[in-house]
A.B. asks: 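Below you will find the structure I want to go over with you.
Start at 1 and go down the list; that is how both ligands and their atoms are numbered.
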Amino acid sequence: MSKLRIATCSLAGCFGCHMSFLDLDEQLAGLAEQIELDRSPLTDIKHLAGDGIDIGLIEGGVCNAENVHTLREFRSRCRILVAVGACALTGGVPALRNGIPLAACLGEAYLHGPGIEAAGVPDDPELPLLLDRVYPLHEVVRIDHVLPGCPPPAAAFHALLTAIIAGQPPALEYALRRFD
Ligand code: SF4
């Protein structure tokens, strides 16, 4: 049986969901016999290999133009797309900025906040523009499955992946459906 190809990425996330995936510890060795990592912060692969990605795991919400581009690329190339963690599901803690005008956020970060020297909002064209607010993934693309939690427990990743490997619909038991 060929291995499932998995890609992962962090958009407006903190990498904590990836760390929780790594919390699978020795179970990763078992999974490694059945999955193969494509583009991911855990590999050095810079671009998705093609259209043949079986599962895309995305942590983080969508906060800037590059996030939108990356998310759409994952959606177009991954057969199954999974929103991983509270940020991907709802925007999470970064979405606390949604009630504040973007100009005020930038002003606090770069112009008026404590400890600022050489005030000025970065405007290099290489920098992705921030969106007006932080969006959950499902407001940008279709999502197939979700892993709730901040972060989801390692066992939730295992349950999801083993179900998909077995050709079963993922169904998280109650104890694995946490939101904190
Ligand atoms: S859900 Fe929590 S752990 Fe995951 S990226 Fe967001 S803040 Fe980090």
Side-chain angles (χ1 to χ4, degrees), residues 4 6-28 31 35 37-48 53-75 77-78 80-100 102 104-106 108-109 113 127-164 170-180:
L4 281 190
I6 295 184
T8 82
C9 76
S10 178
L11 302 179
C14 76
F15 285 91
C17 288
H18 278 80
M19 295 306 293
S20 189
F21 176 69
L22 294 179
D23 280 343
L24 282 168
D25 296 332
E26 66 272 16
Q27 287 182 307
L28 286 170
L31 280 175
I35 68 174
L37 275 182
D38 196 87
R39 173 186 163 172
S40 166
L42 307 171
T43 70
D44 196 32
I45 300 172
K46 307 290 193 249
H47 302 285
L48 292 172
I53 312 290
D54 294 297
I55 306 171
L57 301 175
I58 313 265
E59 80 161 37
V62 182
C63 79
N64 65 33
E66 185 186 36
N67 290 166
V68 174
H69 173 80
T70 302
L71 179 57
R72 286 183 174 153
E73 187 177 43
F74 266 70
R75 176 67 279 176
R77 300 200 181 171
C78 297
I80 297 170
L81 200 60
V82 184
V84 177
C87 296
L89 267 71
T90 68
V93 170
L96 288 173
R97 83 157 159 97
N98 287 358
I100 304 169
L102 182 56
C105 293
L106 291 169
E108 179 68 13
L127 295 174
L129 290 174
L130 288 175
L131 304 180
D132 58 336
R133 65 185 181 89
V134 179
Y135 294 82
L137 304 190
H138 71 266
E139 289 194 23
V140 182
V141 298
R142 179 176 57 81
I143 294 297
D144 300 300
H145 299 294
V146 300
L147 287 184
C150 183
F157 286 93
H158 194 263
L160 176 104
L161 293 176
T162 52
I164 293 175
L172 292 183
E173 61 182 83
Y174 186 75
L176 296 181
R177 280 184 249 157
R178 52 185 300 169
F179 294 86
D180 57 351

A.B. asks: Is the distance between atom 4 (Fe) of ligand 1 and the nearest N/O/S atom of Cys17 smaller than 2.8 Å?
C.D. replies: yes

A.B. asks: Identify the closest protein heavy atom to atom 2 (Fe) of ligand 1: which residue and atom is it, and at what distance?
C.D. replies: Cys150 SG, 2.3 Å

A.B. asks: Indicate yes or no: does Asp144 engage Arg75 in a salt bridge with an N to O separation below 4.0 Å.
C.D. replies: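 Counted as a salt bridge, because a side-chain N and a carboxylate O are separated by less than 4.0 Å.
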
A.B. asks: If you compare all heavy atoms of Asn64 against all heavy atoms of Pro128, which two are closest, and at what distance to 0.1 Å?
C.D. replies: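 For Asn64 versus Pro128, the nearest heavy atoms are ND2-CG, 3.7 Å.
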
A.B. asks: Mark up the atoms of ligand 1 that fall under 4.0 Å of a heavy atom belonging to Pro151, in ascending order.
C.D. replies: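 Heavy-atom distances to Pro151 below 4.0 Å select 3 (S).
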
A.B. asks: Any non-hydrogen atom of Ala86 lying under 4.0 Å from ligand 1?
C.D. replies: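 Contact check Ala86 vs ligand 1: positive.
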
A.B. asks: Tell me whether atom 6 (Fe) of ligand 1 has Cys14 as a neighbour, meaning an N, O or S atom of it below 2.8 Å.
C.D. replies: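 False for Cys14.
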
A.B. asks: For atom 6 (Fe) of ligand 1, find the nearest protein heavy atom and state the residue, atom name and distance (0.1 Å precision).
C.D. replies: Cys87 SG, 2.3 Å

A.B. asks: Will you find, in the side chains of His18 and Thr8, an N or O donor that is under 3.5 Å from an N or O acceptor?
C.D. replies: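 Thr8 and His18 do have a side-chain donor-acceptor pair below 3.5 Å.
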
A.B. asks: Indicate yes or no: does Arg133 engage Glu139 in a salt bridge with an N to O separation below 4.0 Å.
C.D. replies: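 Glu139 and Arg133: salt-bridged.
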
A.B. asks: Give a yes/no verdict on a cation-pi contact between Arg177 and Phe179, requiring under 6.0 Å between NZ or CZ and the six-membered ring centre and an angle within 45° of the axis.
C.D. replies: no

